[in-house]
Amino acid sequence: MGRFNRKLRKMAADLLDLPQDVVFDLPRVTMIGDRQLYIENHRGVLHFSSDKLRLALSKGELEVTGDGLVIRTIWTEEVFIEGQIKHIAVHE
Amino acid sequence: MNASWLQWVRGIVTVRLRGNQLETLVNRALASGLQLWSISRTSGGELVCNVTVGDFFRLRPLLKETGCRMHVTTRKGMPFWLKRAEKRIFFGVGLVLFFIGMFLLSSLIWTIEVKGNDKISEEHILEVAKQEGLYPFQWSFKLPEISDLQKSMTRDLPGAAWVGVEKRGTKITIQVVETKTPDTTPPVDPRHIIASADAVITDIQAETGRPVVKRNEKVKKGDILISGILGDENNTKNVPAQGEVRGLVWHEYNITSPLIRKVQVYTGETKTRWYGIAFGRALKVSGFGKVPYQFYETIQHVEQAAWRTWELPFGRMKETIREVRIDKVPVTLAEAKSTGITQAKADILSKSGADAVVKSENILHEKTENGKVYMKVLFEVEQSIVAEQPLVQMQGE
């Protein structure tokens, strides 16, 4: 995405009041308490263990730490995680 | 919970994956459209996940590419279930046969009930139903349409105004409404209506036939009142005469009425006996000894033991013996006369029909002798004086 393209998109998003994830291809994270996590728009699993999950994003990566993490279901762009979630971090 | 029934039908395999590039394997699998679920890491660094049987075989080439190894832990779902059922083939066959038998037996017609028929016999209705294809042990699905069946059965049963067929499960109810025909009157031979007693006609109404007498005409017993012969001398027709003729008839009564009336009176003296009852037999319990009265009446009162609505064969009976005295009460002359006349009137009404009316009474003669009143009374009664006389065919006349 070129710089001009990005600017244009941001302008359009601000003007038309569009959600950012649609415009910029960002992940959308839905969290239910500390037990369920639903992540849309990921780009694959980088690392998975029972206390840590790292997901690739279109830009950067998302790190989830917790206890007893289980991938309930996984599709190419969505993932549904269960377990005790303690920490979510996004790295550029 | 995490496996839908569709996955269950396909078969679910739980596998244990081992290797260094497990994340790559998962990504590759997702990229090639496989579906993995319930993925978790064991403490030993292995990956446990569920996969359908079809996807299991598509997973194998990916294992080689990523250098992972796979180990199956559990198998669930229909393919494995069928495999187990193969060993108990007769059980499975029996199960299937049971359902087939159940279906077949419940699609038979077991009973046919006929309701509402009175004149048409049930056999005839069932025979007609059989012609239309409705009989016991017939297949339900071979049965004609119920509305067609009703129409054709109503057509085939001339005595029925309407036939209703109702199917409820394996039972058919045929409801028949029969046509109502008026009762045929029995044929009557030609006849005259004649007088049953000497009378003066008060009213004559002929329904069939020719009235011969008029009102206030005096007739003798046996006179023709309504003739059964119609027409003139040349053309005659004999009909059963019918009609209503009323007349004044005189009845002479010799009445005897006593001047003393015997009345039964209780003296108030009673004696009680008790009985025990078991199985229809009574046993005297108290009140032994002879009855000390000359005239008496006995009143029995039975009490049967019962539990809820069932009568038990035990009980008790109270027998009350009441002394009776017969008193002779003198009656006045007028009272004795009116009693006698009332009895005579009741006798007349019972003999000459309920519609008879006593018009007048006339005491012709009266005397009192030996404690009795003797009377001769003439009653004038308006009553039906109809009697029948068959018309004899006069052949050759």
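All of these numbers come straight from a predicted model, not from anything done at the bench. Proteins come first, then strands; the chains are lettered A, B, ... in the order of their sequence lines, and each starts at number 1.
- Counted within 6.0 Å of CH2 on B:W81, heavy atoms from surrounding residues, nucleotides or ligands total 12 or fewer; the atom is thus considered open.
- Taking A:D51, A:V70, A:I71 one by one and counting their heavy-atom pairs under 4.5 Å with chain B, the maximum is reached by A:I71.
- The environment of B:K167 atom NZ is dense: over 12 non-hydrogen atoms of other residues, nucleotides or ligands sit within 6.0 angstrom.
- From A:F48, atom CZ reaches atom CG of B:L47 across 6.5 Å, with rounding to the nearest 0.5 Å.
- Here the shortest heavy-atom pairing between A:I74 and B:L30 reads CG1-CD1, 3.2 Å.
- Residue B:R41 comes nearest to A:S49 through the heavy atom pair CG-CA, 3.1 Å, listed as atom of the first residue, atom of the second, then distance.
- A:N41 meets the side chain to side chain contact (heavy atoms under 4.5 Å, CB included) test with A:D25, A:R43, A:E77; sequence neighbours excluded.
- To the nearest 0.5 Å, atoms OG (B:S40) and CD (A:E82) are separated by 11.5 Å.
- Of all residues spanning residues 66-75 of chain B, none has a heavy atom less than 4.5 Å away from chain A's heavy atoms.
- When the options A:V45, A:L46, A:T76 are evaluated for a side-chain contact (heavy atoms from CB on, under 4.5 Å) with B:N27, the one that passes is A:V45.
- Within the structure, ring pair (Phe, Tyr, Trp, His ring centres under 6.0 Å) contacts touching residues 99-131 of chain B (residues at least two apart or in different chains) are B:W110-B:F137.
- B:F279 meets the ring pair (Phe, Tyr, Trp, His ring centres under 6.0 Å) test with B:F314; sequence neighbours excluded.
- In B:K119, the NZ atom is crowded: over 12 heavy atoms of neighbouring residues, nucleotides or ligands sit closer than 6.0 Å.
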